Participant: 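The structure follows.
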Amino acid sequence: MNIKKLVKPNIQSLRAYQAEEIPCSVKLDANESPYGRKILKSVWTNRYPDPEAKELRKHLAKDLKVKHENLLHGNGSDELISCLIMTFGGPVLYPVPTFSMYGIIAQALNEKTIEIPLDKNFDLDSREFVKVIEKRNPKLIFLSSPNNPTGNCFSEERILKIIRQSKGIVVVDEAYQPFSEKKSFVPLIKKYDNLVVLRTLSKIGLAGLRVGFMAAGSNIINEVNKVRLPFNLNSLSQKVAFDALQDKKQMKSGIASIVSERKKLLKELKKMSGIDPCHSDANFILFRVDDGDSIYGKLLEKGILIRNMKGVAEGCLRVTIGTARENNAFIKSLKQVL
Ligand code: PMP
């Protein structure tokens, strides 16, 4: 696929901002202050961060078994969604309900959006997707799998069909993949040159750092890199994320606890009458209730905050998996409210 041709004309002719890191003993090139404080080991407040986040990208690349040239870092994956839409433009196609930022950013950037409802199992309506792809030729397709807010992964076959059918870029957003037993799409970036896989560290304990990244062929990475702001990932986040990722055992145990708590919570919710919980491959559970507004409000009166999905998934509430203590408090309050 000719990726360059897919890129918006104003971006095609752009050159990425050059902010090379040149080794030196006296650094007087970037209008920084010479007076700074050393925070953590090796992080100086007066210096700009590494624009390429090389250490972090190399570490992430090793974990994902891709080259670091195939990764681009964002200030959260939110930022990369924005960069992708800036680079390729619309129409932007996505199923609904899904993560709202695809539509919000597309609209903010004045790009057309096309929404296709999920089928009754919250899976992709691949026939409708193929029809729309043929008719409207979307430049970008966003598929969140596991999907927020429904929690399920889409069928692998249907995603692959859409990737093969599309003449534009297909973004598989794997924000919640660490909680799923399904395979990641990251290895497939070698096979499909129109595939982008989005990942984030936000759901595995590092949301405050704002670190997201995308994996894709280098043609796509180079184009999207043109619209990325040079110092989008601050030094502290780069360093703390790098250090945190070294402790694989702790990362894994956090994920395992959430998965086991999810199983427990699902079992409890299934036992309650008037509650219809959905299967989840993510760190949250969507459930249908008779009166979402009232249950949401009563839980909040007890200090339990969950998400009312009114207007997104009608009649549904979404609860994030917390610690065992938090989940027990939620279950106890929900029983009282019902
Ligand atoms: N994708 C999906 C599907 C999400 O649910 C979220 C966060 N709610 C994001 C991306 C954004 O994550 P972040 O910007 O924190 O990396």
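Everything numeric in this text was worked out from a predicted model, so none of it was measured. Order of appearance sets the numbers: ligands from 1, and atoms from 1 within every ligand.
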Participant: Just wondering, are more than 12 heavy atoms of other shown residues or ligands nearer than 6.0 Å to NZ in Lys8?
Facilitator: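 Yes - once you tally the heavy atoms of other residues, nucleotides and ligands closer than 6.0 Å, there are more than 12.
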Participant: Could you tell me the residue and atom name of the protein heavy atom closest to atom 12 (O) of ligand 1, and the distance to it rounded to 0.1 Å?
Facilitator: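 The closest heavy atom on the protein side is Ser77 OG, 3.2 Å.
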Participant: Are Tyr176 and Phe284 an aromatic pair, judged by ring center distance below 6.0 Å?
Facilitator: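 Yes; Tyr176 has its ring centre under 6.0 Å from that of Phe284.
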Participant: For ligand 1, is there an N or O atom under 3.5 Å from any N or O atom of Ser144?
Facilitator: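 In this structure, Ser144 places no N or O atom under 3.5 Å from an N or O of ligand 1.
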Participant: Write out the residue and atom name of the closest protein heavy atom to atom 5 (O) of ligand 1, then the distance separating them to 0.1 Å.
Facilitator: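 The answer is Tyr176 OH, 2.7 Å.
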Participant: At a 4.0 Å threshold, what atoms of ligand 1 neighbour a non-hydrogen atom of Ala175?
Facilitator: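 In order of number, 1 (N), 2 (C).
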Participant: Answer yes or no for Ser202: is there a heavy-atom contact with ligand 1 below 4.0 Å?
Facilitator: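 Flag set, Ser202 near ligand 1.
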Participant: Among protein heavy atoms, which sits nearest to atom 11 (C) of ligand 1, and what does the distance come to when rounded to 0.1 Å?
Facilitator: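 Heavy-atom neighbour on the protein nearest atom 11 (C) of ligand 1: Asp78 OD1, 3.2 Å.
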Participant: Looking at Lys58 and Glu55, is any side-chain nitrogen of the basic one under 4.0 Å from a carboxylate oxygen of the acidic one?
Facilitator: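 No salt bridge links Glu55 with Lys58.
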Participant: Quick test of your reading of the structure: of Leu143, Asp173, Asn148, Val211, whose heavy atom lies closest to atom 2 (C) of ligand 1?
Facilitator: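 Ranked by closest heavy atom to atom 2 (C) of ligand 1, first place is Asp173.
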Participant: Tell me which one of Met101, Lys203, Arg210 gets a heavy atom nearest to atom 8 (N) of ligand 1.
Facilitator: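 Minimum heavy-atom distance to atom 8 (N) of ligand 1 goes to Lys203.
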Participant: Counting distance only, does the side-chain N/O of Asp276 pair as donor-acceptor with the main-chain N or O of Arg288 below 3.5 Å?
Facilitator: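 No, because the side chain of Asp276 does not come within donor-acceptor range (under 3.5 Å) of the backbone of Arg288.
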Participant: Less than 4.0 angstrom from a charged side-chain N to a carboxylate O is my criterion; do Glu301 and Lys298 meet it?
Facilitator: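 The answer is no: the pair does not qualify as a salt bridge.
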Participant: Could you check Tyr102, Phe88, Tyr94 and say which one makes a ring pair (Phe, Tyr, Trp, His ring centres under 6.0 Å) with Phe142?
Facilitator: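 Answer to the ring pair (Phe, Tyr, Trp, His ring centres under 6.0 Å) test with Phe142 among Tyr102, Phe88, Tyr94: Tyr102.
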Participant: In terms of side-chain geometry, is the basic nitrogen of Asp119 or Arg158 positioned less than 4.0 Å from the acidic oxygen of its partner?
Facilitator: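 Yes, charged N to carboxylate O under 4.0 Å.
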Participant: List ligand 1 atoms under 4.0 Å from Gly76, heavy atoms only on the residue side.
Facilitator: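 Listed by number with element, the hits are 14 (O), 16 (O).
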Participant: Can you tell which of Phe99, Phe142, Phe284, Tyr102 gets a heavy atom nearest to atom 9 (C) of ligand 1?
Facilitator: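 Heavy atom nearest to atom 9 (C) of ligand 1 belongs to Phe99.
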